[in-house]
Structure formats: structure tokens, C-alpha cells
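Since the structure comes first, as C-alpha cells, the remarks are kept for the end.
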2 protein chains.
Amino acid sequence: MIDPTADRAQYRQIADTLRDAILRGELQDGARVPSEERLRQEHGVSRTTVRKAIEVLKGEGLVDVRAPRGTFVRSQRPVDTVQLRRGDRVWTRMPSPDERREHDVREGVPFLIISRSDGSQELYPGDRTQAQQSPR
Amino acid sequence: MIDPTADRAQYRQIADTLRDAILRGELQDGARVPSEERLRQEHGVSRTTVRKAIEVLKGEGLVDVRAPRGTFVRSQRPVDTVQLRRGDRVWTRMPSPDERREHDVREGVPFLIISRSDGSQELYPGDRTQAQQSPR
DNA sequence: TCCCATTTGTGCGTATGTATC
DNA sequence: GGATACATACGCACAAATGGG
């Protein structure tokens, strides 16, 4: 139950509740998160507040909002593995909206970036890519 | 000038304008972004709309909101380099609010995660860390 | 110290649009 | 066509922290 008088903002409390449910596996990959209207009633808050909570989870890459179908728990296991070579460097940053479109990446999903020693650069969706050192 | 009748949402148009200014260097590292009230007047929209635009830029890690002082262009910090060893894997994901506090990471900044072959895991702030293959 | 203006944070209500089922 | 659900945008109000006088 959320507490309007608590030190923590109501929308953060709701986000905490949903995050817990996801991380505990109560809401599994692909599961539907209750609708904004449903959450609004459950927690006795405004729709604005519910939407802010969902925003938080989107920013963490935990959910995927597909309007107007609903909001769903995002599966986030790295599936593609990219091999690293000597001298390669790896870093990460958030994409711009244009880059998200171009690379088909959802909100809350960072890029995994590999700079090869020859100067070339490769961008990968961070929710399904991992880089690996050649085990030799 | 933003166009309320355009296909693109007004808050996205405002975000585009600000992003351009930042990327073109018109708003430099550490520079103050105009206040919400100022932007509201400039673009003739509601504060809600302005705040959504800022949200977008926060999500991209381009600005840093320090209430109630203002919103600032995020300055890029010096980059730490982490050495990769054989069998290491690298990936990325967004932190939760708790993790952001713990690792002193701002909104819109992803983690760079290194899994060592011994099973241990290291989390780094993605805005100031890169991983590198030992050049041997 | 105190007051005040500024600025962001949080939360409410409302309305309309649009895509899906 | 209708119900549902998310997107966008407006207005309002109050809180809290900062900084200047």
C-alpha cells in the first residue's frame, strides 16, 4: 500500500511496487502490467501519478509500453554475443530518438558501443547484446 | 518555432530544438538551460509540455536537473579505462534509482557491466568508463 | 535571521486524439 | 461502432530548496 504522507513520492512508491513484482518474477517476461486506469484505482491516485511511475520503469528498461495495447514486462537477456579483439574498446550511452528508430531500440535501452582498433565503431542494442573477450 | 499542428508532438519538437543547441555547442557543457517558465513563454506551451521535453533530454543523458537551481548541460567527465581479461564479458543496462544513488550516477546514464570469468561482476558509470582489451 | 522571488518536484483534474480489439 | 488504453496537452495548486537582499 502506498502512503501519500511518506517521504517518498507516491509515483516512486508505485514504481517500487511494480519493480519488485517484476524482479521477484511475479510479473514475468512479456506479462502485461495492469492498465493505467486499473493502477489508478488500486492505489487511489491520479492517472498522472500512475503514468509517472510507468515512466520510471521505462527509463530503467524494465517495461515496454505499446500504445494502445498495453504495457508489458520486457525480457532482457543478452542473446547476441560480439567477439572482442585486441585493442577494442567498449562503452555505452543512451541513444537519441533518431538512433532508437534506426536501430530499433526501445526507450530505456542503452547502446553497447565497440570501437575497433582500426577506428571503426559498432552500435548494438544493449538489451540483447554482450561483448566477449575471445577465450583464446 | 514549434508547430502545434505538426505530426510531431510539441514536447518532442522542443526537445529537438534543445538537443540541437547542445550538440551544435550553442549550449556548452555546464551551461544553464532556460528555466521551465522561460521555455513555456518562448514556445507558448504549458509547463507540462516543457517538462516532458526536459524529461526526454534527461533520458538521453544530455542534461542534469538540479532542483531548485536549474537544468544544466551535462559536462563530460574524464574517462576511466578498465582492463579486460580473457573470458570477460561486457554488457550494459540502466540502473534502478537505488543503484543510481549507490554508484552516484545521474538519470539517463547507463551502467557498463563487466562479468569476470570467475563469476564476479563490476558495475561502472557508463558516462565515464570504457573497457579495453589488454593491447598485450 | 528573516523575507521573498525563483525554480523544480509532485499531484490533482480535465479534455481530446488515435490505435487496437 | 463501441470500449479500452495509451499519448498529448491544458490548467491549477502547493511543497521544498536555493539564493539574494
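Numbers restart at 1 for each chain; the letters A, B, ... are given by sequence-line order, proteins then strands.
- Using modelled atom types, no side-chain atom of Q10(B) and backbone atom of I2(B) make a donor-acceptor pair closer than 3.5 Å.
- The nearest whole Å value for the distance from the CD atom in Q41(A) to the P atom in dG13(C) is 13 Å.
- Around CZ of R106(A), the count of heavy atoms belonging to other residues, nucleotides or ligands within 6.0 Å does not exceed 12.
- In this structure, the side chain of R85(B) does not engage the main chain of R116(B) through any donor-acceptor pair within 3.5 Å.
- Which of dA9(D), dT8(C), dA5(D) sits closest to the side chain of R32(A) comes down to dA5(D).
- Distances shown here put a side-chain N or O of T71(A) below 4.0 Å from the OP1 or OP2 atom of dC6(D).
- Which of dG9(C), dC10(D), dC6(D) sits closest to the side chain of R51(B) comes down to dG9(C).
- Taking atom CD1 of residue I14(A) and atom C1' of nucleotide dT10(C), one finds them 12 Å apart after rounding to whole Å.
- Using a 4.0 Å heavy-atom distance criterion, S35(A) is classed as a sugar-phosphate-only contact.
- In this structure, Y11(B) and R69(A) both approach DNA chain D, and ranking their closest nucleotides by distance from the 5' end singles out R69(A).
- Of the two residues near DNA chain D, E36(A) and P4(B), the one whose nearest nucleotide lies more 5' is E36(A).
- Residue R8(B) is classed as having no contact, given no heavy-atom separation below 4.0 Å to the nucleic acid.
- Atom C1' of nucleotide dT10(C) and atom CD1 of I2(A) are separated by 12 Å, given to the nearest angstrom.
- Taking for each of P68(B) and T48(B) the nucleotide of DNA chain C with the nearest heavy atom, the 5'-most of the two is the partner of P68(B).
- The side chain of K52(A) sits closest to dT10(C) out of dA5(D), dT8(D), dT10(C).
- At whole-Å resolution of the value, CG in D7(B) and C1' in dT8(D) are 13 Å apart.
- Atom CZ of R40(A) and atom P of dC12(C) are 10 Å apart (whole Å).
- In this structure, the side chain of T92(A) engages the main chain of F111(A) through a donor-acceptor pair within 3.5 Å.
- Rounded to an integer number of Å, the gap from NE2 of H43(B) to C1' of dT8(D) is 17 Å.
- Using a 4.0 Å heavy-atom criterion, one finds that E37(A) contacts no nucleic acid atom at all.
- Checked by distance alone, R47(A) brings a side-chain donor or acceptor within 3.5 Å of a matching partner on the base of dA7(D).
- One can place CD of Q13(A) at 18 Å from P of dG9(C), the figure rounded to the nearest angstrom.
- Distances were taken from every side-chain heavy atom of Q10(B) (C-beta onward) to each of dA9(D), dT8(D), dT8(C); the shortest belongs to dA9(D).
- Other residues, nucleotides and ligands contribute at most 12 non-hydrogen atoms within 6.0 Å of the CZ atom of R38(B).
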